[in-house]
Amino acid sequence: MSLFVASLGFGLVTASILAIAAVGFTLQFGVTNILNLAFGDVMTASSFIGYIATTNGVGIWGAVALCALFGAVFSTLLNRLLYTPFVRHGTKLFGMIVVTIATSLIIQNTIQAIWGPSFFSLKFSPGGSYHIGSMVFTSSQFGIMAIAVASMLGVYTLLRYTKLGKAMRATACDPALARSCGIATDRVVDVGWLVSGALCGIAGIALAMNVTSFTSTTGGTFLIAIVAAAVLGGVGQAYGAMLGALTIGLSSEVAAGVIAPSYKQVVAFVVLVVVLLIRPQGILSEVAEAKEVAA
Amino acid sequence: MTAGDLLVVEDLRRSFGGVHAVDGASFKVQSGSITGLIGPNGAGKSTALGVIAGALRPDAGRIEFDGRDVTALSPMSLARRGLIRTFQTSSEFPRLTVIENLLVAAQHNPGETLRGALLGGRRSWRAHERQLVERARELIAGFEMSDKEDEWAGNLSGGQKRLLEIMRGLMAEPKLLLLDEPMAGVNPTLSRSIEEHLQRLNRDGLTMLMIEHELRVVERLCDRVVVMAQGKVISEGTMDTLRTEQEVLDAYLVG
Amino acid sequence: MSVAWQFYFSTLLIYLAVDVMAVWGLNLQFGVAGISSFAFIVFQAMGAYTASVLTLGPEQGTSFQHYVGGASLPFPLPVIAAGAAGGLLALLVGLVGIRRLRADYQAMVMLVISLTATYVADNSTHLFNGPAGLSLVPKPLFGGLNLSLVNYQWFYVGLCAVFCALIWWFVRRFTESPLGRAMRAVRDNEHAAAALGKNVFGLRMTAFVAGGVIAGISGAVFVEFLGAWSPGSWLYPETFVFFTAILVGGTGNNIGVAVGALLVPIGFLESTRFLPNVGYPGFVDALQWVAVGVMALIFLWFWPRGVIPERKRRFPQPGEAPRTIGRRLLRSRG
């Protein structure tokens with residue numbers, strides 16, 4: 001029982017990182033309708049930016065801010081310089097997948113060419129550990145959870161209460177209609193990438209904070225869980241992704257703790273398969289069928 | 001149901017969210033007729049057609065085709081029973097040539113089974129294929145598109161794609177052809193020629209149910225007309241009898 | 001030719017044969033039936049593992065590797081079983097992945113399947129020896145033939161040619177028949193195909209399983225030559241290499257994709273494998289992957305139909321003599 005509760009604690013931390021990443025992934029997909037499979041690798045790039053920053057004396061919170069900035073700028077540039085030109089060039093759904101996977105490979109292997117295949121760790125002190133029942137958290141893990149809660153509240157506020165958020169939701173529903181209603185969809189798309197990129201950057205450094213070491217493929221591997229969380233919540237649905245992340249994060253850590261560590265990733269996959277089997281018409285078919293790619 | 005009815009639709013219902021797109025529609029299509037399905041925008045014509053063709057599931061109601069209950073069958077099984085539809089937007093196979101678009105529509109092709117394709121050679125499907133090519137060429141010639149036979153279907157003009165779609169439907173040798181605005185977006189000359197083709201096909205015995213907006217076209221082509229408004233059939237009969245009914249005109253004017 | 005060069009060329013030819021078989025399989029799934037089959041490499045891996053454990057003898061108590069099976073089957077049987085295993089796995093994956101999914105969605109699902117399969121293989125050490133993989137798989141007929149090492153290489157090249165010929169025949173049975181035409185119709189517009197009475201799911205599944213069989217056979221031919229196979233041999237980017245080969249060569253054209261296999265995996269990846277490495281181990285590999293990614297982007301932008309695009313299939317006019325096979329090959333209708 002105490003093992004179960006302890007893994008529940010790990011699960012909360014994993015779910016926090018997953019929530020940041022999955023909301024970022026799904027938000028951008030919702031607005032632009034491009035499935036960005038390079039998301040995990042941008043996370044990895046952020047982890048390495050965090051590594052550079054912390055080894056050069058930047059404090060961990062400064063590094064988090066830096067990573068958010070990096071992720072936002074990098075993702076927006078990625079869209080402006082690569083994805084959007086391809087969409088305007090007439091590249092269709094499958095072609096865009098090739099584009100994002102190619103991008104993923106390029107980023108991942110550029111990182112590997114620079115840093116090599118070895119493992120790295122952020123240089124920071126995780127702080128003392130605190131016991132809550134049989135759950136143990138370091139102060140940096142509390143930090144991760146706090147960032148997650150803050151990010152989720154931020155996204156909620158953005159989508160719910162700001163004019164921009166409403167414009168984003170409108171663009172997500174129907175880009176053509178949104179445009180004809182006078183919404184500057186280009187700007188909305190940019191904001192979508194900025195926000196998604198910032199979350200991606202934060203998730204990247206949070207992941208690096210939580211694991212003992214990371215390498216050029218760490219983010220790419222994490223993509224399974226991100227995709228599973230996003231699909232579970234309904235791709236494009238920010239709130240769904242939060243719930244999906246919580247479910248996947250908790251269940252995978254509990255499975256890892258109670259059954260065997262190797263079950264961690266498999267849980268995410270099983271969830272994905274079950275969702276696909278239960279919704280055979282395709283998850284969120286209404287999104288899947290009708291919409292055009294907006295960029 | 002009388003012996004002459006090929007299609008009988010009874011109390012068909014289908015809603016999207018809270019909108020009752022088709023709200024208890026009943027009508028019949030007589031064998032050998034061209035039946036027009038008309039009504040204002042949003043009357044539920046396309047939804048009704050989609051439900052009949054199996055693309056949409058009905059919430060309630062019954063569809064009888066060729067003497068059998070076919071309610072909620074898949075588009076595939078309906079097509080195999082001889083109910084073929086065309087689409088409102090062009091839906092050619094762009095990376096197949098024009099003649100291939102036709103050939104693929106032929107039903108019960110022995111070369112399309114795994115056994116036929118893997119084991120069959122000259123003897124099993126090639127002879128059949130030659131007959132199909134011949135029939136496809138006749139159809140293409142009948143629509144005066146012989147010079148386009150080997151063109152990628154994706155390269156055709158909008159009007160040519162409409163013709164292709166009708167040819168493709170015919171290649172399947174349907175008992176009933178459902179046409180969703182076959183003349184939409186086509187120039188007047190081609191539109192007139194499509195009309196003539198449809199009339200010729202009807203004389204040869206083909207039954208058709210078509211959605212059409214242009215009342216003059218309906219008048220020239222259709223033996224019988226079904227008028228829908230707000231998801232219901234408000235009138236059904238010959239064009240002449242309908243002309244006297246004020247309700248029809250109202251549906252158009254107000255709708 | 002010196003012995004070293006003979007080794008080099010024969011090895012390249014064997015790699016080429018394996019890749020050509022693989023891209024034909026993937027082309028059937030993607031180029032013909034339009035399935036975003038980003039789990040393709042898993043079927044090849046399944047074939048390789050199946051052939052390995054059926055070729056290897058029973059596991060000894062002291063053995064350094066652990067695996068299921070161990071049947072010591074004679075040569076063609078493990079390859080045939082590998083084809084069956086690849087097809088069976090494709091059937092299972094197809095039940096999840098071949099549904100009415102948007103192309104990019106489907107690609108994402110398949111990619112996740114591929115990543116998970118690697119993860120499972122890495123972590124279940126008693127299935128196929130985990131991350132270390134299987135090794136010391138005996139080469140087929142090696143003992144019986146009494147050939148020198150280099151002559152055995154050339155013998156294996158011949159064996160590969162036979163397998164390629166068989167797969168070519170098999171693939172053409174699909175692509176040049178009405179069945180393949182129906183598959184292409186489904187690829188182009190599934191709703192219209194269904195409205196014409198085509199069994200969309202059945203046609204896709206048929207192409208998917210047939211592609212899985214071919215992938216399994218290619219994996220078996222590969223591992224019987226290499227003698228070793230581990231999760232590192234079939235990471236998901238390998239599928240991307242095959243997709244790039246298809247894009248570069250010409251989606252839907254069997255000859256085009258074979259040329260693509262010559263250009264991308266062989267010309268780009270394999271040939272440099274025999275050159276001296278610069279930098280730390282893996283540096284050249286990393287740069288190669290970057291280059292493959294860039295190549296895919298360049299072709300997608302400038303030549304999305306590839307160097308030998310899908311050809312039109314023309315039908316003989318009445319009275320026109322049917323074409324001979326030779327002429328058909330020359331026209332490379334693929």
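- Of the two parts of B:Ala55, neither the backbone nor the side chain holds a non-hydrogen atom closer than 4.5 Å to a non-hydrogen atom of chain C.
- Rounded to the nearest 0.5 angstrom, C:Asn189 CG and B:Phe87 CZ are separated by 6.5 Å.
- Of the atoms belonging to B:Glu134, not a single heavy atom falls under 4.5 Å from chain C.
- If you tally non-hydrogen atom pairs under 4.5 Å between each of B:Ala105, B:Pro94, B:Ala106 and chain C, the highest count goes to B:Pro94.
- Within residues 153-180 of chain B, the residues that have a heavy atom under 4.5 Å from a heavy atom of chain C are B:Arg168, listed by number.
- Only the side chain of B:Ile99 has a heavy atom closer than 4.5 Å to any heavy atom of chain C.
- In this structure, the side chains of B:Phe93 and C:Arg184 stay at 4.5 Å or more apart for every pair of heavy atoms.
- Applying the 6.0 Å contact sphere to CZ of B:Arg115 captures no more than 12 heavy atoms from other residues, nucleotides or ligands.
- Here side chain to side chain donor-acceptor pair (under 3.5 Å) pairs that include residues 23-33 of chain C, with residues two or more places apart or in two chains, are C:Asn27-C:Asn254, C:Gln29-C:Ser37.
- Of all heavy-atom pairs between C:Gly197 and B:Ala79, the closest is N-CB, 3.2 Å.
- Comparing B:Asn109, B:Leu132, B:Leu118 by how many heavy-atom pairs each has under 4.5 Å with chain C, the most go to B:Leu118.
- Under a cut-off of 6.0 angstrom, the local environment of CZ in C:Arg305 is sparse, with at most 12 non-hydrogen atoms contributed by other residues, nucleotides or ligands.
- Contacts of C:Ala210 with chain B are absent, with no heavy-atom separation under 4.5 Å from either backbone or side chain.
- At a 4.5 Å heavy-atom cutoff, the contact between B:Thr113 and chain C is made by backbone atoms alone.
- Listed for the B:Glu129 side chain is no donor-acceptor partner under 3.5 Å among the backbone atoms of C:Ser177.
- When heavy atoms are compared at a cutoff of 4.5 Å, B:Gln107 approaches chain C solely by way of its side chain, counted from C-beta outward.
- Across C:Pro178, C:Ala185, C:Ala182, the residue that shares the most heavy-atom pairs under 4.5 angstrom with chain B is C:Pro178.
- When each of B:Ala53, B:Ser91, B:Ser77 is scored by its heavy-atom pairs under 4.5 Å with chain C, the top score falls to B:Ser91.
- With a 4.5 Å cut-off on side-chain heavy atoms, C:Leu179 and B:Leu114 count as touching.
- Salt bridge annotation for C:Arg181-B:Glu112: absent, with no cationic side-chain nitrogen under 4.0 angstrom from a carboxylate oxygen.
- Contacts with chain C were tallied for B:Leu96, B:Ile84, B:Asn101; B:Leu96 has the most, counting heavy-atom pairs under 4.5 Å.
- Put simply, the side chain of C:Phe315 reaches to within 4.5 Å of the side chain of B:Arg137, judged on heavy atoms.
- With C:Lys198 contributing its side chain and B:Val104 its backbone, the two residues share a donor-acceptor pair below 3.5 Å.
- Salt-bridge annotation for B:Asp150 and C:Arg314: present, with a side-chain N of the basic residue lying under 4.0 Å from a carboxylate O of the acidic one.
- When all heavy atoms of B:Met76 and C:Asn199 are compared, the pair lying nearest together is SD-CA, 3.3 Å.
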